[in-house]
2 protein chains.
Amino acid sequence: MVMPRSALRPYHHGRLRQAVIEAAVQEVEAAGAGHLSMREIARRAGVSHAAPAYHFGDKAGIFTAIATEGFRLITERIAPVTGGPDGFIQGGAAYVGFAVEHPGHFEVMFRPDLYRADDLDLIAARDAAFGVMVDSARAAVAAGEADDITGLVVAGWSAAHGFATLWLHANLQDKLGTDPAAFAATFAGGLVTLGEIARRQQL
Amino acid sequence: MVMPRSALRPYHHGRLRQAVIEAAVQEVEAAGAGHLSMREIARRAGVSHAAPAYHFGDKAGIFTAIATEGFRLITERIAPVTGGPDGFIQGGAAYVGFAVEHPGHFEVMFRPDLYRADDLDLIAARDAAFGVMVDSARAAVAAGEADDITGLVVAGWSAAHGFATLWLHANLQDKLGTDPAAFAATFAGGLVTLGEIARRQQL
DNA sequence: CTCCGATCTAGCCATTGACAAGTCTGTCTG
DNA sequence: CAGACAGACTTGTCAATGGCTAGATCGGAG
């Protein structure tokens, strides 16, 4: 009986798949998606350098798993608040909240060059998230003006997505401070003004 | 006299710096910023694998140069249309237009993890671009309500940035089609509705 | 003509992602 | 209870990459 490996660590990790995803998300949040190293992740998880590839195939497989998990998480985050007539605005706030709380997932979700965009689980999760947004937009407008849904969804999604992205990447903090309630009010006021300008423009 | 190298290609490229930037932008547009290889760029430019490093130091230096050039280009693109009272909307359209026409620059500009964010030229170019946006917002609102400028800038920037990002990364084409005039109208209508919802929310 | 600095090359190293082949181990079957 | 089996993981290897150092080349100033 040679020195049992189990004294050091078990041969079977047990939950390597989830451990790899967690380590990868941490790495993305700390250093950006570009600096993610499969071998470094394996080191952190205490497994050999080739172990992650068994579960995910390759690097794109890891990113695909992260993006899929991200779309599921954002759906869980948004869906509960989109019930009432103010659901669309609340949903937008939840969208931004998710991006701030899960910057690693958020970054990967919108970098299709990193993952396999034709993955079926990924597509299903993404479509589910989009469906929640459309539903909340539908609930926000009066029953008659249903034609406008697409424009509203895209405008609202763009505003929330743009704000989240700029917040994460472009030092928006310098302009708005760090108090969530204060910048939410500032942003909402800006949306009202922007809508008025756009309406004036249309006439 | 050995076989003169100049028969193949001159020892000095002459405009290697700009050639590297152009090749790098093409590579980013074709395969994403993550797949950029300094050696591949050198091959395309017909120089040795270490030549680009002489001009840019390292990979981050190339991205820094691309981002700086991008901020200069977007300023040139936006500034001319922000004159009149409709300058803010026109500026937003120009912002999106730049992103669609220069996706490589646009991608790098908002990936600070790729470049040296403390580069002085970069900061100057970015601040100049931001200044153009603020000026056009100021021109768009009536003289009295100057307090609202920050909110309007952030809302407008977010909407334009979010739309551009989603267009490039999230298959927005499926929802809006590919006719620019049509989706511009749809988007503008959505902004009006969104502004109304936000105002209703504030009361 | 000569020197000198800017530009580029050649070679090297550690690291990486991907692949192939082998090893370990829990479980199921007979 | 023995043995087959399949899933999970390791080891070894390869080409490619980024970055570094030392050296070659060239063009222009003096």
Side-chain angles (χ1 to χ4, degrees), chain A residues 1-24 26-28 30-66 108 111 113-116, chain B residues 1-24 26-28 30-66 108 111 113-116:
Chain A
M1 178 182 287
V2 296
M3 171 64 177
R5 173 184 297 274
S6 52
L8 302 168
R9 56 183 157 91
Y11 188 93
H12 287 101
H13 183 285
R15 50 182 289 282
L16 219 210
R17 189 185 166 86
Q18 195 58 30
V20 165
I21 293 178
E22 289 168 11
Q26 286 178 13
E27 185 91 353
V28 171
H35 298 111
L36 184 128
S37 158
M38 294 179 72
R39 291 171 111 102
E40 177 60 32
I41 289 173
R43 258 172 246 133
R44 277 209 227 173
V47 293
S48 81
H49 64 88
Y54 172 78
H55 289 277
F56 298 96
D58 58 5
K59 206 171 176 179
I62 298 181
F63 284 126
T64 304
I66 293 175
V108 174
R111 299 272 321 271
D113 57 310
L114 294 178
Y115 56 75
R116 281 188 275 275
Chain B
M1 178 182 287
V2 295
M3 170 63 178
R5 173 184 297 275
S6 51
L8 302 169
R9 56 182 156 91
Y11 188 94
H12 287 99
H13 183 285
R15 50 183 290 281
L16 217 210
R17 188 184 168 86
Q18 196 57 30
V20 164
I21 293 179
E22 289 167 10
Q26 286 177 12
E27 185 92 352
V28 171
H35 299 108
L36 184 128
S37 158
M38 293 179 72
R39 290 170 111 102
E40 177 61 31
I41 288 172
R43 257 172 248 130
R44 275 209 228 172
V47 294
S48 81
H49 65 88
Y54 171 78
H55 290 277
F56 299 96
D58 57 6
K59 208 172 176 178
I62 297 180
F63 284 126
T64 304
I66 292 175
V108 174
R111 301 272 322 269
D113 57 307
L114 294 178
Y115 56 75
R116 283 188 275 274

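Hydrogens, waters and symmetry mates are skipped; everything else that's a heavy atom, side chains included, is used. Remember, predicted model here, so these are calculated numbers, not experimental data.
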Whole angstrom value for the distance that separates C1' of C/dG17 from CD of A/Glu40: 15 Å
d(CZ, A/Arg15; P, D/dA8) in whole Å: 15 Å
Selected nucleotide, minimal atom distance to B/Arg43 side chain, candidates D/dT17, D/dG7, D/dT11: D/dT17
Given D/dT17, D/dC9, C/dT16, the nucleotide with the shortest approach to the side chain of A/Arg39: C/dT16
d(CD1, B/Ile41; P, C/dC8) in whole Å: 15 Å
Sugar-phosphate only, base, or nothing, as touched by A/Leu36 at under 4.0 Å among non-hydrogen atoms: sugar-phosphate
B/His55 side-chain N/O to C/dC8 phosphate OP1/OP2 under 4.0 Å: yes
Atom pair CD/CZ of A/Glu22 and A/Arg15 - distance to nearest 0.5 Å: 5.0 Å
Value in whole Å for how far the P atom of C/dT7 lies from CD of B/Gln18: 15 Å
Rounded distance in Å - NZ (B/Lys59) to P (D/dG19): 7 Å
Per A/Ala50 side chain, nearest of listed nucleotides C/dA18, D/dC9, D/dT10: D/dT10
Nearest-nucleotide pick for B/Ser48, side chain only, options being C/dT9, D/dG18, D/dT10: C/dT9
Gap between atom NE2 of A/His35 and atom CG of B/Leu114 - 0.5 Å precision: 7.0 Å
Min side-chain heavy-atom separation A/Arg17-A/Phe56 under 4.5 Å: yes
Consecutive-pair stems (3 or more, Watson-Crick or G-U, under 3.5 Å) for DNA chain D: C:1-30 with D:1-30
Phosphate-side-chain proximity, A/Tyr54 and D/dA8, N/O vs OP1/OP2 below 4.0 Å: yes
Candidates D/dC20, C/dT9, C/dA18 - which lies nearest the side chain of B/His49: D/dC20
B/Ala53 or A/Leu16, whichever maps to the more 5' nucleotide of DNA chain D: A/Leu16
Distance in Å, B/Arg43 CZ paired with B/Ser48 OG, rounded so as to fall on 0.5 Å steps: 11.5 Å
Distance below 4.0 Å between B/Ser37 side-chain N/O and D/dA16 OP1 or OP2: no
Minimum-distance pair of heavy atoms, taken over all atoms of B/Lys59 and B/Leu36: NZ-O, 2.8 Å
Closest approach of B/Ala60 to B/Arg116 (non-hydrogen atoms, all atoms of both residues): CB-NH1, 3.9 Å
Atom-to-atom span, NE2 of A/His35 to C1' of D/dT17 - whole angstrom: 14 Å
Straight-line distance of A/Met38 CE to A/Ile62 CD1, nearest 0.5 Å: 4.0 Å
Shortest side-chain distance from B/Met38, nucleotide among D/dT10, C/dG17, D/dG19: D/dG19
